[in-house]
**Student:** 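Starting off with a structure, shown below.
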Amino acid sequence: ESVVGLKPAKAWIRRFIDQSLRHFVAGEPYRMRHVIVEGGLGTGKSKAVELIAKAVHAMGLAPSSTITDVRKDSNGLVTGAVNRINLDSDDVSAGRFDSLVRRLEKSASASGDLALVVVSGKSRKTMEFKGGSIALCKREPDVVKLQPFSNEELAMCVMQQMIKKVDLSPRRIKYSP
């Protein structure tokens, strides 16, 4: 909650925690849906993916909050981890993605591990990718749409950065009588 902005990502994380706790209490396995994080430049897509990875780890569904970045030349996705495909920097085709997801889910069902893919990118790119990916269309991923920061949120970000750089510890402040 201390992160400025990213309201849609925070709402997704709250829903995810609520759903996974309900499944845990009922003694049912929780099957995660893949996630698409979309938004323009500077809307916090990378930070949102980091927060999702931390939440998945905090709920005990992944051994760490490490994000596995999937490149077009990657051999595969990793079970038990948050796999990120960044459409803004990587040219992973929808067909290649589909074969990677099928292998991931097959491996995860055999091991019982988490199978989670987070696709991030600008809105137009993610929609084109989703439309061309059979794996994403069939699985109905959750979509987190990030909006540009408001002026107030930008001001808070600047203030947080300034506070980090200024040492206000009592031993540094000198008073003269």
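The model shown is predicted, which means the values in this text are computed figures rather than measured ones.
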**Student:** Hey, mind stepping through Lys47 and Leu6 against side-chain contact (heavy atoms from CB on, under 4.5 Å) and telling me if it holds?
**Tutor:** CA-CA 9 Å; Lys47 188 64 171 179; Leu6 306 177; 3.7 Å; yes
**Student:** Given the rule that I, L, V, M, F, W and Y join up when any side-chain heavy atoms are under 4.5 Å apart, are Ile13 and Phe24 in one cluster?
**Tutor:**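 No, separate clusters.
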**Student:** Is it true that Asp18 and Arg22 make a salt bridge, defined as a side-chain N closer than 4.0 Å to a carboxylate O?
**Tutor:**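 Yes.
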**Student:** Please table the atom pairs, donor to acceptor, closer than 3.5 Å between any side-chain atom in residues 48-65 and protein atoms at least two apart or in another chain.
**Tutor:**
from  : atom 1 : to    : atom 2 : distance (Å)
His57 : ND1    : Ala62 : O      : 3.0
His57 : ND1    : Pro63 : O      : 3.4
His57 : ND1    : Ser64 : N      : 3.4
Ser64 : OG     : Thr66 : N      : 3.2
Ser64 : OG     : Thr66 : OG1    : 3.0

**Student:** For Glu153, enumerate each residue passing the side chain to side chain contact (heavy atoms under 4.5 Å, CB included) test, keeping only those at least two apart in sequence or located in another chain.
**Tutor:**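 So Glu153 forms a side chain to side chain contact (heavy atoms under 4.5 Å, CB included) with Val4, Lys7, Phe149, Ser150.
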**Student:** Using salt bridge (charged side-chain N to carboxylate O under 4.0 Å, His left out) as the criterion, list what pairs up with Lys122, not counting sequence neighbours.
**Tutor:**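 Only Asp88 meet the salt bridge (charged side-chain N to carboxylate O under 4.0 Å, His left out) criterion with Lys122.
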**Student:** Where do Gly40 and Thr43 come nearest, in terms of heavy atoms and distance?
**Tutor:**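 Closest approach of Gly40 to Thr43, heavy atoms only: O-OG1, 2.8 Å.
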**Student:** What residues, two or more places apart in sequence or in another chain, satisfy side chain to side chain contact (heavy atoms under 4.5 Å, CB included) together with Ser99?
**Tutor:**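 Partners of Ser99 by the side chain to side chain contact (heavy atoms under 4.5 Å, CB included) criterion, ordered by chain and then number, come out as Arg96, Arg102.
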**Student:** Hey, is the main chain of Gly39 close enough, under 3.5 Å, to the side chain of Lys145 for a donor-acceptor pair?
**Tutor:**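 No.
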**Student:** If you apply the rule side-chain contact (heavy atoms from CB on, under 4.5 Å), what do you find for Val37 with Leu146, and how did you get there?
**Tutor:** CA-CA 7 Å; Val37 177; Leu146 299 176; 3.8 Å; yes
**Student:** Quick one: pull up OG in Ser46 and CD1 in Ile67 and give me the separation to the nearest 0.5 Å.
**Tutor:**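 Separation between the atoms: 8.0 Å.
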**Student:** Run the side-chain contact (heavy atoms from CB on, under 4.5 Å) test on Asp142 and Ile36 for me, step by step, so that the C-alpha distance in whole Å, both residues' side-chain angles and the decisive distance to 0.1 Å come before the verdict.
**Tutor:** CA-CA 6 Å; Asp142 290 332; Ile36 296 176; over 6 Å; no
**Student:** Who pairs with Asn151 by side-chain hydrogen bond (donor to acceptor under 3.5 Å, both in side chains), at least two apart in sequence or on another chain?
**Tutor:**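 Partners of Asn151 by the side-chain hydrogen bond (donor to acceptor under 3.5 Å, both in side chains) criterion come out as none, since no residue qualifies.
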**Student:** Does Glu38 form a side-chain contact (heavy atoms from CB on, under 4.5 Å) with Val143? I'd like the steps, not just the answer.
**Tutor:** CA-CA 7 Å; Glu38 61 183 38; Val143 178; 4.0 Å; yes
